[in-house]
Amino acid sequence: MATEFHNLQELRHSASLANKVFIQRDYTDGTVCKFQTKFPSELDSRIERTLFEDTVKTLNNYYAEAEKIGGQSYLEGCLACLTVYLIFLCIETRYEKVLKKISRYIQEQNEKVYAPRGLLITDPIERGMRVIEISVYEDRGSSGSSSGSSTTSSSGR
Amino acid sequence: MSAVMIIRKPTRKWEKLPGKNTFCCDGRVMMARQKGVFYLTLFLIVGTCSLFFAFECPYLAVHLSPAIPVFAVLLFIFVMAMLLRTSFSDPGVLPRALPEEANFIEMEIEAANGNVLAGQRPPPRIKNVQINNQIVKLKYCYTCKIFRPPRASHCSICDNCVDRFDHHCPWVGNCVGKRNYRYFYLFTLSLSLLTIYIFAFNIVHVVLRSVDSGFVNTLKETPGTVLEVLVCFFTIWSVVGLTGFHTYLISLNQTTNEDIKGSWSGKNRVQNPYSHKNIIKNCCEVLCSPTFPSVLDRRGVMLEDSSSPTHSDASAASTHKSSNPVSQTTKSSAPLIPNEHTPDEAKPGIGAGTQKSTSSPKGEKPPSPTSPNAVAPAVIKESTH
């Protein structure tokens, strides 16, 4: 079953969606955007733990950078207030810039790491920043493999 | 050459959003359903300021200083801008969980609760998290099918879960939440200043004019003054009080919702885990934190046709903030019914190989991979030569 999916389009055409895993938010540091790095058991056989943790940690770092309250955010806030927030019609906020970086990072991770393993990460912004959704694909060709329906592992966390 | 062109306006996501909001300007503006009180607010502010500019300003500009009306104009513009920004923006609405996510959470809840005997009421759906050494209970929202993040609450008027929910304000016709709280605060603050300003200069004007013409004559010459003084007098009590209250809340990093419920009132040693215990830091966090983008994709184009993901990928990707809606180009002749066998086919939105749409301001993102029940007919556009 070692089919390599280099192209994401290939992934969609030749594989069927088996399962979705949701990585929840980690609220221990308050309301900042941070995701749990706990490795879900559904991905045990699909991807190495370290790769997964690296991805989530990098994403957490990006979000921390976006939400950092410091000199730049004050400046942005003051400037925006003085121009009655019209300046946001012309320039992008820092958060939006970081979100773009995150999008690019997720795309790159999908292409290099996750798609070859039959997985696909959805950008959290498309899920209201609540979860990181990881879609697990099964190769259509291999019918013997368990088409993991959603009742496989009701893992009591 | 035969030219068949059927261009239909694409369906944008705001048209299918659940919740009781009204949208204007093709999804750019988002408000609550009842807007009557908002119109009253607008009328009062614009009306009173117009009277001020008509009656008092000419006299004061000549007899005192032209800076007075100039400053009034600036203040008025600021107040209106803050009001419109509060009213029209997304307060921080959390989108509802899609079916897979909802099922996943249900499974987790069932696993955590174990077996519930028939006839017994299942335990309440609550998750405990520890934030800054304090246990905070996250409640499950049955409408949105999510565990609400800390400080989020469900607004029954708008039927949405709102992040850092403060309150639903009928005067601005919208909820006040994470994304528009600072605009709301600046609105109340600037409105207080404007009201005090107008009230003060009304008094000055009446006094100055009465010296020349007498009190009764002054009122006859400028009847607007009486009205303005009346409106300002009542407004000052309410708005200044409100500003003071919110200044207090900001210094403690609390929301109105938490204050009303007494979440951090101190009994049972419960303290606010979000407060930095420092007034300056709290104010900075509430007023100077980065502006959060909207996670509600209002202006994204809904994908109706799932038969040719590669083509609709290229066309749907470019959802810009500019006014012209992008019409989808589906070149295939495949049936326009969503494919039932792969309901959750990873749609082009996720890291599409070739084309990547830019995420423009106001949180517009490429179409969500699982567009729910989108059955609006696809747009077929064959170019004419």
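Being a predicted model, the structure only gives us computed values, none of them experimental. Reminder, nothing fancy here: chain letters follow the sequence lines and each chain counts from 1.
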(request) For the residue pair A:T31 and B:R164, establish whether any side-chain heavy-atom pair is separated by less than 4.5 Å. (result) no
(request) Could you tell me which portion of B:A97 (side chain, backbone, both or neither) has an atom closer than 4.5 angstrom to a non-hydrogen atom of chain A? (result) both
(message) Just checking B:I135: does its CD1 atom have more than 12 heavy atoms from other residues, nucleotides or ligands closer to it than 6.0 angstrom?
(response) yes
(message) If you count heavy-atom pairs within less than 4.5 Å of chain A, which of B:M82, B:K281, B:Q134, B:K178 leads?
(response) B:M82
(message) Does A:K112, at its NZ atom, have more than 12 non-hydrogen atoms belonging to other residues, nucleotides or ligands within less than 6.0 Å?
(response) no
(request) Tell me, out of B:Q130, B:E101, B:R151, B:E285, who's got the most heavy-atom pairs with chain A below 4.5 Å. (result) B:E101
(request) Using non-hydrogen atoms and a 4.5 Å limit, figure out which bit of A:A66 sits close to chain B: side chain, backbone, both or neither. (result) backbone
(message) Counting C-beta onward and ignoring hydrogens, is there a side-chain heavy-atom pair between A:F88 and B:T291 closer than 4.5 Å?
(response) yes
(request) Go through the atoms of A:T28 and report whether side chain, backbone, both or neither lie under 4.5 Å from a heavy atom of chain B. (result) both
(message) Does any backbone or side-chain atom of A:R94 lie under 4.5 Å from a heavy atom of chain B? Answer side chain, backbone, both or neither.
(response) side chain
(request) Go through the steps to decide whether A:V84 and B:F78 satisfy the test side chain to side chain contact (heavy atoms under 4.5 Å, CB included), and finish with yes or no. (result) CA-CA 7 Å; A:V84 195; B:F78 191 77; 4.1 Å; yes
(message) Does any backbone or side-chain atom of A:C78 lie under 4.5 Å from a heavy atom of chain B? Answer side chain, backbone, both or neither.
(response) neither
(request) Determine the option with the most heavy-atom pairs under 4.5 angstrom with chain A, choosing from B:A81, B:P273, B:P149. (result) B:P149
(message) In the structure I gave you, are the side-chain heavy atoms of A:R25 and B:F147 within less than 4.5 Å of one another anywhere?
(response) no
(request) Could you tell me whether the side chain of B:F104 reaches within less than 4.5 Å of the side chain of A:V131, counting heavy atoms only? (result) no
(request) Indicate yes or no: at least one non-hydrogen side-chain atom of B:L98 is less than 4.5 angstrom from one of A:R127. (result) yes
(message) Looking at every heavy atom in both B:L94 and A:G128, which two are closest together, and how far apart are they?
(response) CD2-O, 4.2 Å
(message) Minimum heavy-atom separation for A:L99 and B:P293, please, with both atom names.
(response) CD1-CG, 3.3 Å
(request) Could you check if a side-chain atom of B:R182 sits within less than 4.5 angstrom of a side-chain atom of A:Y85, using non-hydrogen atoms only? (result) yes
(request) Starting at OG of B:S289, measure out to CD of A:E76 and round the result to the nearest 0.5 Å. (result) 10.5 Å
(request) Working to the nearest 0.5 Å, report the span between CG of B:L287 and OH of A:Y74. (result) 10.5 Å
(message) In the structure I gave you, are the side-chain heavy atoms of A:M129 and B:F292 within less than 4.5 Å of one another anywhere?
(response) no
(message) Does any backbone or side-chain atom of B:Y183 lie under 4.5 Å from a heavy atom of chain A? Answer side chain, backbone, both or neither.
(response) side chain
(request) Side-chain contact test, heavy atoms from C-beta onward, threshold under 4.5 Å: evaluate it for B:P290 versus A:Q72 and give yes or no. (result) no
(message) How close do A:R130 and B:R96 get, counting heavy atoms only, and between which atoms?
(response) NH2-O, 3.7 Å
